[in-house]
Amino acid sequence: MDPEQRRAAKQQMLELMEAGVSWQEAARTAGVQTSRATAYRWRQEARIRGEAALQDGRHGHPAKVLPPILHWLESRCQATSLVASSQLQKELQEQLGVRISISHLNAVRAAHGWSNVASQAGKKSGGSGDQRSAGSRRAAVVGSRP
């Protein structure tokens, strides 16, 4: 289905929903495969944004971290390597108007060696001491059953 056909099908589905048809029947009639949550999110967006909400807006998988943002991240992470990715995410949004998920930020930081040193040190090692205590707890629970 090309983008114009998809837009028309989405519009038909939303019109049916507004007319009182269930989201499942509206999607089936319009030939749109979607979830309940997405159908209602589209309806809400269409009520707020109108015709603009019908456009998909995606063009393949665009690069999220373009060179200017990558340079900003590099200078920010090298200045303070202990900064949390959630803080970086907030600063990127405020200063550059860019929203990048924390998991994507973590992947970019790891790929470039800009990982948060504090979060690495604070993680549990997962050594045998932790496993023994968990096993002991399991044995105590299992042993207490009638």
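Residues take their numbers from the sequence shown, with the count starting at 1. This structure is a prediction, so every number in the text was calculated from the model and none was measured.
- Follow the hydrophobic side-chain contacts under 4.5 Å out from Val21 and you never reach Trp42; the two are in separate clusters.
- Residues that satisfy the side chain to side chain donor-acceptor pair (under 3.5 Å) test with Gln93, not counting sequence neighbours, are absent from this structure.
- The side chain to side chain donor-acceptor pair (under 3.5 Å) search around Thr34 returns none, not counting sequence neighbours.
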Where do Leu14 and Leu54 land on the side-chain contact (heavy atoms from CB on, under 4.5 Å) test, with the steps shown first? CA-CA 9 Å; Leu14 294 173; Leu54 298 173; 3.5 Å; yes

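- With sequence neighbours excluded, no residue forms a side chain to side chain contact (heavy atoms under 4.5 Å, CB included) with Ser75.
- For Ser115 against Ala110, the heavy-atom pair with the smallest separation is OG-CA, 3.5 Å.
- Side-chain contact between Leu92 and Leu73: present, with at least one pair of heavy atoms (C-beta onward) separated by less than 4.5 Å.
- Among pairs with a residue in residues 67-96, those fulfilling salt bridge (charged side-chain N to carboxylate O under 4.0 Å, His left out) read Arg76-Glu91, at least two apart in sequence or across chains.
- Closest of all the heavy-atom pairs between Arg109 and Cys77 is NE-SG, 3.7 Å.
- The number of heavy atoms from other shown groups lying within 6.0 Å of CD (Gln33) does not exceed 12.
- Among all heavy-atom pairs drawn from Ala30 and Ala9, the shortest one is CB-O, 3.3 Å.
- In this structure, the separation between OH on Tyr40 and CD on Glu45 is 15.5 Å, given to the nearest 0.5 Å.
- The closest side-chain heavy-atom distance from Glu51 to Gln11 is below 4.5 Å.
- Nearest heavy atom pair, residue Ala39 against residue Met17, reads O-CE, 3.9 Å.
- For Thr38, the side chain to side chain donor-acceptor pair (under 3.5 Å) partners are Ser35, not counting sequence neighbours.
- Residues forming a ring-ring contact (aromatic ring centres under 6.0 Å, His included) with Trp72 (at least two apart in sequence, or on another chain): none.
- A search for side chain to side chain contact (heavy atoms under 4.5 Å, CB included) contacts involving Thr29 returns Gln12, Leu16, Glu25, not counting sequence neighbours.
- Applying the salt bridge (charged side-chain N to carboxylate O under 4.0 Å, His left out) rule to pairs touching residues 29-39 yields nothing, sequence neighbours excluded.
- Residues passing the side chain to side chain contact (heavy atoms under 4.5 Å, CB included) test with Gln89, sequence neighbours excluded: Arg99, Ile102, Leu105.
- The shortest heavy-atom contact between Val65 and Ile69 is CG1-CG2, 4.2 Å.
- Here Gln24 contributes atom CD and Met13 contributes atom CE; the two are 11.0 Å apart, rounded to the nearest 0.5 Å.
- For Glu4, the side chain to side chain contact (heavy atoms under 4.5 Å, CB included) test picks out Asp2, Arg7, with sequence neighbours left out.
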